[in-house]
Amino acid sequence: MTASTDFLAKLNPSQRAAVEHFCGPLLVVAGAGSGKTRALTFRIANLVLNHRVDPENILAVTFTNKAAKEMKERIEVLFAEQEAQAKHGKSLSALPEYEQTKLRSHVYKNVTKYLWIGTFHALCSRILRFDIEKYQHPDGYTWKKTFSIFDESDAQTLVKTIVTKDLNLDDKKFNPRSVRYAISNAKNQNFTPADLEKEQPNYRGRMIADVYRHYEKALAANNSLDFDDLIMIPVKLFQQNESVLGYWHNRFRHILVDEYQDTNRTQYDLIRLLTTNGEDMAKFNDWRNRSTFVVGDADQSIYSFRAADFTILMNFQDDFGDGLPDDDTRTMVKLEENYRSTSNILHVANYIIENNTERIEKVLRATRGEGETIFCYKADDEIHEADFVVGQIRSLEYQNPELKWGDFAILYRTNAQSRSFEEILTRYSVPYQVVGGLRFYDRREIKDVLAYLRAIANPDDTVSLKRVINVPRRGVGKGTLDKLDQATQTLGCPLWEILSDEGSVKTLAGRSSKGVLEFAGIIKKYRERLDNAKGSEIIQELLEDSGYIEALKAEGTEEADDRIGNVQELYNAVLQFEEENDDPSLLAFLANASLASDLDNMEEGNNRVSLMTLHSSKGLEFPVVFLVGLEQGLFPNFRSLEDPAATEEERRLCYVGITRAKERLFISYARERRLYGHREPASPSLFLGELPVDYVTTNSGLGMPQRMTTPIRDARSEREEAAKPGSGAHEFDWNAGDVVVHPSYGAGEVTHIFGAGNKICLAVKFPNQGRKIIDPKLTKLQRAE
DNA sequence: AGGGGCGAAATTTTT
DNA sequence: TTTCGCCCCT
């Protein structure tokens, strides 16, 4: 492969600066539609082609499988393009198809195969397949390479059993969902049960810590991990085992992280450990042949409820970078040129997000024409809102031959809002898809089959064994299960040990023993074949043997037919997986299945109107976007009304929605909405009052701007206030090094200043609380002179 | 062992 | 209003 720099010519100056960065840390602040995937992929190409970095030394982390897949594909094309130029002097697309395929497979064999590109979870599960047996849990629990990955519902079921059965707690007070949430949150901050207890020493905190302890024990007993463990265990392993960390630190010399604003504490720890080899951040400075390159946009941070913490991004300059102000820094690049939307749309987006205080100053610059104005529609109720939206879609589709159904998206805050749109779309036979509903892998029949496979692959996976021991019916009822359970408790052994012993089963299960033994026989039979047979063969015979398909056929309902079809699709997925992957083992497939999402199979070429939540829309773009339900309490959601930080997150969500639109943006709200069966009057969203009036056409004026109950004030009133003498102009006069006193954190030192003018934000380091980002307009800071 | 019926709850959810 | 989960009855 020849070194080449011509592909860099396609980049704008800031993209180019990001791409050409070689060693050391770099933060790329990438606005919506500014070509960040481009920067990431070109950078990887540049590392390999021009800096001769071995692809094995590159780790690229994303948050979704879709993003990982896209990155892989784009890199492959990029390399193939280079080779096409070098070998044939032509662009890739000008070559005959077989040449293109040949080039691409050549690139795969030599480059992309060796790159580690994937989600945090997928990459960590890969690391754990190597090293989990070296992990030492404080309570002596161990895991084997064959571990299962529990999904969210498995995890919650487990928590529920612990709360109600093991600890006998009131599940009203200790709602399994919120307890699971608390445990997840703890794990996402790399907290042990003891850490959690220390943080919340009250009764509830102690109880939750106790559930957490039991939960870990149960996971270990099942040789299973939950999603959070996939990240947390590598972190703990790295912290306790120098040689393991040393290996991966040495291996991943160039680390790239996409959507850095969405990282949580544990993920941050992982990146930091890999980068510094566990050395103290302040002492580490050996960036030879090494880089940590993160890309993100604080304005698109919308997952704080999943423990994402965008202050990690805001702090990058201080902990990895040179910490210099924006104009002098060599460790930050801003991508502000937007290639997606018309300038009108961008203006609205910029204008809205300016109301947020916690952000890195950034303005999206248009590269396209003005476009149409934004239209804001006030509807009588949710039915009329849907009528308006569908009417617009139909007439735009009819009038513009270039617009297809797939070019439209309806974005809403909550899933429940899809219904009225679906009804009207159906009435007019407009093809549509609801994105992000039930995951394929969450369907009952799929979970059943996967439970069989998991039980076969992982003998300790009692949860999976129990799920299918009586599916299809084998006459193994609750009574039998209870007896078996009791036996495992007394003996302290995994369920399988009892199931696999004929004598024990006969004693315990009585008249159900026939069914239990039949089941155990099936599992045993396939477990023996695990090493030699392919996953696809196992699945195929298993479906026959277990009578699973037969039982579905016997049902004879339409629903059962659907299920059979889905199981067939799962079989196809295994076949495809075996064809496409280097490691086609059943274990690898199971990991892949556990980590798959529904978004992964959202079809783009199917030409349907897309309906989805604003959260699901992140990373996508559509020529025409409808942002619906802009009502106070719905969007912003009522749970965020009291909390300024939460309201800012809702505003970011609004910003994400607006910046999905390429050509046309419609915003709508209803005067009255059916909510849980009752008609409720609705008032216009806070965000409507923040729209720039000159850029918006309405059918009845913009709603009255909402007053906030808490003192987040919009940028304009702040500007006025700042102009008044003595009203706080001096507040903006902060300097790094100032010592301040915070009402709850006490004294701290200002280490960094974000933003400018009235949107200033301070990073303050407190001796005990660590670093916090504080808006001096929201929190009264006293100066310690 | 499984279905019917009643009561309570009802954001967002990359993995 | 709808959906889900639990309990009780058969």
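So that the names make sense, note that chain A is the first sequence line, chain B the second, and so on, each numbered from 1. These numbers come from a predicted model, not from an experiment.
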What orientation do A:Tyr135 and A:Trp143 show, parallel under 30°, tilted 30 to 60°, or perpendicular over 60°? tilted

Take atom CG of A:Asp309 and atom P of B:dT14, then tell me their distance rounded to the nearest Å. 20 Å

A:Leu634 CG to B:dT12 P: how many Å, rounded? 10 Å

Judged by each residue's nearest nucleotide on DNA chain B, which is more toward the 5′ side, A:Thr480 or A:Leu614? A:Thr480

Spacing between A:Gln417 atom CD and C:dT2 atom P, to the nearest angstrom: 16 Å

Ring centroid separation A:His121 to A:Phe63 under 6.0 Å: no

Using the P atom as the reference point in each nucleotide, state the distance between C:dC4 and B:dT13 in Å, no decimals. 15 Å

How long is the line joining CG of A:Asp151 and P of B:dT14, in whole Å? 12 Å

Is A:Val61 touching bases, backbone alone, or none of the nucleic acid, heavy atoms closer than 4.0 Å? nothing

Establish, with yes or no, whether the OP1 or OP2 oxygen of B:dT12 is under 4.0 angstrom from a side-chain nitrogen or oxygen of A:Ser616. no

Quick one: does NZ or CZ of A:Arg652 land under 6.0 Å from the six-membered ring centre of A:Tyr655, within 45 degrees of the ring axis? no

With heavy atoms under 4.0 Å as the rule, sort A:Arg419 into base, sugar-phosphate or nothing. sugar-phosphate

Separation of A:His678 atom NE2 from C:dT1 atom P, in whole Å? 8 Å

State the syn/anti category of B:dT12 according to its glycosidic angle, syn meaning within 90° of 0. anti

With centres under 5.5 Å and planes under 30° as the test, does A:Phe305 stack with B:dT12? yes

Going from CG on A:Leu313 to CZ on A:Arg359, what distance comes out if it is rounded to the nearest 0.5 angstrom? 12.5 Å

P spacing across the pair B:dT12 / C:dG5, given as an integer number of angstrom: 15 Å

Around atom CD of A:Glu550, are there more than 12 heavy atoms from other residues, nucleotides or ligands closer than 6.0 Å? no

Keeping A:Glu631 on the side-chain end and A:Ala670 on the backbone end, is there a donor-acceptor pair under 3.5 Å? yes

To the nearest angstrom, the CG-P distance between A:Asp154 and B:dT13 comes to 20 Å

d(CZ, A:Arg674; P, C:dT2) in whole Å: 8 Å

In A:Asp228, A:Asp226, A:Asp269, the residue satisfying salt bridge (charged side-chain N to carboxylate O under 4.0 Å, His left out) with A:Lys187 is A:Asp226

For nucleotides 3-11 of chain B, give me one character per nucleotide, 5' to 3': B if any protein heavy atom sits under 4.0 Å from the base, S if the only such contacts are to the sugar-phosphate, - if neither. -------BB

Can you check the A:Leu411 CG to B:dT12 C1' distance for me, whole Å? 13 Å

